[in-house]
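Below is one structure; the comments refer to it alone.
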Amino acid sequence: MASLQPVRGTHDLLFEDMRRHHAVIERAKGIAGLYGFEEVITPIFEFTEVFTRTIGETSDIVSKEMYAFERSGDQLCLRPEGTAGVCRAFVSNGLQQQVPFKAFYAGPMFRYERPQKGRQRQFHQIGVELIGADTPKADVEVLVLASHILDALGLKGQVTLELNTLGDTASRAAYRDRLVEFLTPYRNDLSDDSKVRLDKNPLRILDSKDEGDRRLIAEAPKMEESLNAESRAFFETVQAGLTAHGISYVVNPKLVRGLDYYCHTAFEFVTTALGAQGTVLAGGRYDGLIEAMGGPSTPGVGWAGGIERLALLLADVPGKARPIAVIPMGDAAEGEADAITGRLRRAGYAVDLAYSGNMKKRMKRANTVNARVAVILGEDELKQGAAAVRDLDSGEQVLVPLAALETDLARFR
RNA sequence: GCGGGUGUAGCUCAGUUGGUUAGAGCAUCUGGUUGUGGUCCAGAGGGUCGUCGGUUCGAAUCCGAUCACUCGCCCCA
């Protein structure tokens with residue numbers, strides 16, 4: 001029994017879960033298409049270097065969460081996120097000539113973490129990448145698209161957009177230095193977690209939940225003060241763009257993305273409905289990423305959303321199609337039932353035809369599969385070249401000539 | 001990786017201070033109804049009580065370990 005359990009942190013997607021999952025992907029893909037984003041699928045495993053060179057050796061994702069393995073001397077790993085793979089594909093396929101490149105993707109990601117609600121070891125993301133545009137208009141477009149998709153999923157009012165800027169590379173580096181300089185004398189006052197952060201990723205200390213850390217941070221220099229004029233103007237343009245689109249947001253100066261390659265715009269759509277996993281969709285600008293992985297210096301901006309988290313919040317769950325139940329009575333009617341079933345399916349109707357059973361059993365089955373209507377083929381009906389069409393909701397039953405069946409059933413569509 | 005909670009039928013849950021063959025509702029199956037589903041009635045199947053070990057005359061119940069789920073931390077979608 002234990003060996004027939006799914007691997008920890010993995011889940012089967014069945015029935016309603018699958019319908020929710022699928023609805024998130026299809027709606028997102030459809031809307032992304034309106035903005036010119038075309039779907040791409042990249043491999044779910046890559047050379048490990050694709051991630052270590054972009055996400056950052058010291059990040060938790062690379063240092064402890066990757067599913068890495070070796071095969072024939074190649075160092076490979078299951079992708080922990082989507083951006084690096086799409087950027088690799090951009091370079092591999094020589095798309096520098098076709099910028100801006102707009103990609104939408106959906107698929108599984110893998111991180112070796114302790115599972116929780118809304119957090120799994122194999123999880124799924126939708127995401128978009130807009131590569132080759134350095135204008136803040138691109139940031140705005142990608143944010144408007146995200147907001148549009150969240151609205152379509154019925155999450156309006158349930159999520160808040162938090163926004164921040166990390167500034168350009170120079171501003172970010174300057175701020176990082178100032179922060180480290182300020183905090184280092186207080187190293188021993190920091191929480192244990194933050195002592196580590198001070199060396200690995202000092203900006204994350206801004207995000208700490210520890211009370212002592214928060215008091216120190218309140219006194220620390222602000223990111224805003226380290227922004228150069230260009231970075232400041234960039235951020236202002238992004239904010240003006242959002243306002244022009246009627247998208248509300250809050251600036252959160254402590255918002256820091258975990259991955260190293262972000263600059264300028266950083267954002268998260270958050271909810272309070274999922275416990276500790278409040279982030280439902282997040283992203284930002286990553287101008288240095290493609291160069292870091294060995295490609296030509298190319299700007300980019302994008303985001304990823306957790307499908308499981310979005311599916312948990314999905315407002316309207318799509319139902320399963322209600323089929324037509326075809327019910328033959330007696331061996332003579334079996335052949336006719338097969339033929340009618342085939343015809344109706346090719347005409348686009350969902351049809352359920354039981355493999356065996358007397359009429360009562362088949363009627364019961366019609367009920368359990370939530371059939372909308374039953375097409376009953378009995379001796380009496382067939383003699384007249386007709387079928388009994390029974391509305392299973394109202395119980396009303398009429399005789400319909402076989403030739404008129406397809407058109408008559410249209411009233412149940 | 002660290003800390004808290006929970007594991008009894010497919011699902012949701014009872015199960016007394018440790019005491020015979022471990023229960024209910026829902027679901028499933030059969031029959032009442034051989035040409036009519038839902039409702040109703042009668043009946044049936046389904047459990048190594050997460051797993052392993054310990055205490056005891058006796059363990060679903062007490063103890064330990066382990067696994068899984070879950071909540072929080074870390075981190076993140």
Side-chain angles (χ1 to χ4, degrees), chain A residues 1-11 14 24 55 58-65 80-83 106-127 146 159 191-194 196-197 200-201 204-205 207-210 255-259 267-271 274-283 302-313 325 327-330 333 352 354 357-382 388-397:
Chain A
M1 184 73 174
S3 63
L4 293 184
Q5 292 295 315
V7 172
R8 183 177 205 186
T10 67
H11 290 280
L14 306 173
V24 170
I55 299 173
T58 59
S59 71
D60 273 32
I61 289 182
V62 166
S63 59
K64 69 176 193 192
E65 294 178 1
E81 57 100 38
T83 302
M109 307 293 166
F110 304 83
R111 291 182 199 169
Y112 189 84
E113 293 185 281
R114 182 82 171 251
Q116 276 182 44
K117 180 179 187 175
R119 171 190 297 171
Q120 301 162 219
R121 290 183 172 177
Q122 174 175 341
F123 63 107
H124 300 77
Q125 290 184 328
I126 52 172
V159 294
S191 64
D192 289 345
D193 284 331
S194 286
V196 177
R197 292 185 183 117
K200 282 172 55 175
N201 194 349
R204 282 235 75 103
I205 298 174
D207 215 13
S208 176
K209 286 169 189 165
D210 182 84
L255 176 78
V256 179
R257 308 302 329 292
L259 311 185
F267 57 88
E268 295 186 358
F269 286 85
V270 299
T271 176
L274 293 179
Q277 279 64 245
T279 304
V280 112
L281 184 153
W303 50 253
I307 297 178
E308 284 83 357
R309 292 182 186 178
L310 291 167
L312 284 169
L313 299 175
I327 299 181
M329 296 170 58
D352 182 85
N358 59 24
M359 184 180 198
K360 183 185 174 71
K361 274 191 178 160
R362 289 170 187 261
M363 284 300 285
K364 276 186 173 250
R365 176 178 167 81
N367 215 51
T368 57
V369 300
N370 194 28
R372 176 68 185 83
V373 55
V375 173
I376 299 163
L377 305 167
E379 226 177 292
D380 300 343
E381 287 83 359
L382 288 179
V389 171
R390 182 180 181 84
D391 182 329
L392 291 174
D393 287 350
S394 68
E396 186 186 322
Q397 187 167 319

Identify all pairs in which a protein N or O lies below 3.5 Å from an N or O of nucleotides 33-35 of chain B, and state each distance.
| from | atom 1 | to | atom 2 | distance (Å) |
| --- | --- | --- | --- | --- |
| B:U33 | O2 | A:Lys360 | NZ | 3.1 |
| B:G35 | O6 | A:Glu379 | N | 3.3 |
| B:G35 | O6 | A:Asp380 | N | 3.0 |
| B:G35 | O6 | A:Asp380 | OD1 | 3.4 |
| B:G35 | O6 | A:Asp380 | OD2 | 3.1 |
| B:G35 | N1 | A:Glu381 | OE1 | 2.9 |
| B:G35 | N1 | A:Glu381 | OE2 | 3.2 |
| B:G35 | N2 | A:Glu381 | OE2 | 2.4 |

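- Interface remark: the A:Arg390 side chain does form a donor-acceptor pair with the B:G37 base, using a distance-only criterion of under 3.5 Å.
- Of the possible donor and acceptor atoms, one in the side chain of A:Glu81 sits under 3.5 Å from a partner among the backbone N and O of A:Thr83.
- At whole-Å resolution of the value, CG in A:Leu392 and P in B:G38 are 11 Å apart.
- Side chain of A:Gln120 to main chain of A:Gln122: a donor-acceptor pair is present (N/O by atom type, distance under 3.5 Å, no hydrogens or angles).
- Closest to the side chain of A:Ala282, out of B:A77, B:G1, B:U36, is B:A77.
- Every residue two or more places apart in sequence or in another chain that forms a salt bridge (Lys or Arg N to Asp or Glu O under 4.0 Å) with A:Arg372 is listed here: A:Asp391, A:Asp393.
- Judged purely by distance below 3.5 Å, without hydrogens or angles, the side chains of A:Ser194 and A:Arg197 pair a donor atom with an acceptor atom.
- Atom CD of A:Gln397 sits in a crowded spot, with more than 12 heavy atoms from other residues, nucleotides or ligands closer than 6.0 Å.
- Contacts of A:Glu268 classified as salt bridge (Lys or Arg N to Asp or Glu O under 4.0 Å), with partners at least two apart in sequence or in another chain: A:Arg257.
- Applying the side chain to side chain donor-acceptor pair (under 3.5 Å) criterion to A:Arg362, with sequence neighbours excluded, gives A:Glu334.
- Not a single donor-acceptor contact under 3.5 angstrom links the side-chain atoms of A:Asn367 to the base of B:G38.
- For the pair A:Arg197 and A:Met363, nearest-nucleotide mapping onto RNA chain B gives the more 5' position to A:Met363.
- A:Arg121 meets the side chain to side chain donor-acceptor pair (under 3.5 Å) test with no other residue; sequence neighbours excluded.
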Can you give me the N/O atom pairs linking the protein to nucleotides 69-71 of chain B at distances under 3.5 Å, or say none if there are none?
| from | atom 1 | to | atom 2 | distance (Å) |
| --- | --- | --- | --- | --- |
| B:C69 | OP2 | A:Arg8 | NE | 3.1 |
| B:C71 | OP2 | A:Lys117 | N | 2.7 |

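- The separation between A:Glu396 atom CD and B:G37 atom C1' is 16 Å, rounded to whole Å.
- Across the P atoms, B:G3 and B:G10 are found 33 Å apart, a figure rounded to whole Å.
- Mapping A:Glu268 and A:Arg365 onto RNA chain B by nearest heavy atom places A:Arg365 closer to the 5' end of the strand.
- Of the candidates B:G1, B:U28, B:A77, the closest approach to any side-chain atom of A:Thr368 belongs to B:U28.
- Nucleotide B:A77 holds its C1' atom 14 Å from the CG atom of A:Leu255, rounded to whole Å.
- If you check distances only, the side chain of A:Arg111 never reaches the base of B:C75 with a donor-acceptor pair under 3.5 Å.
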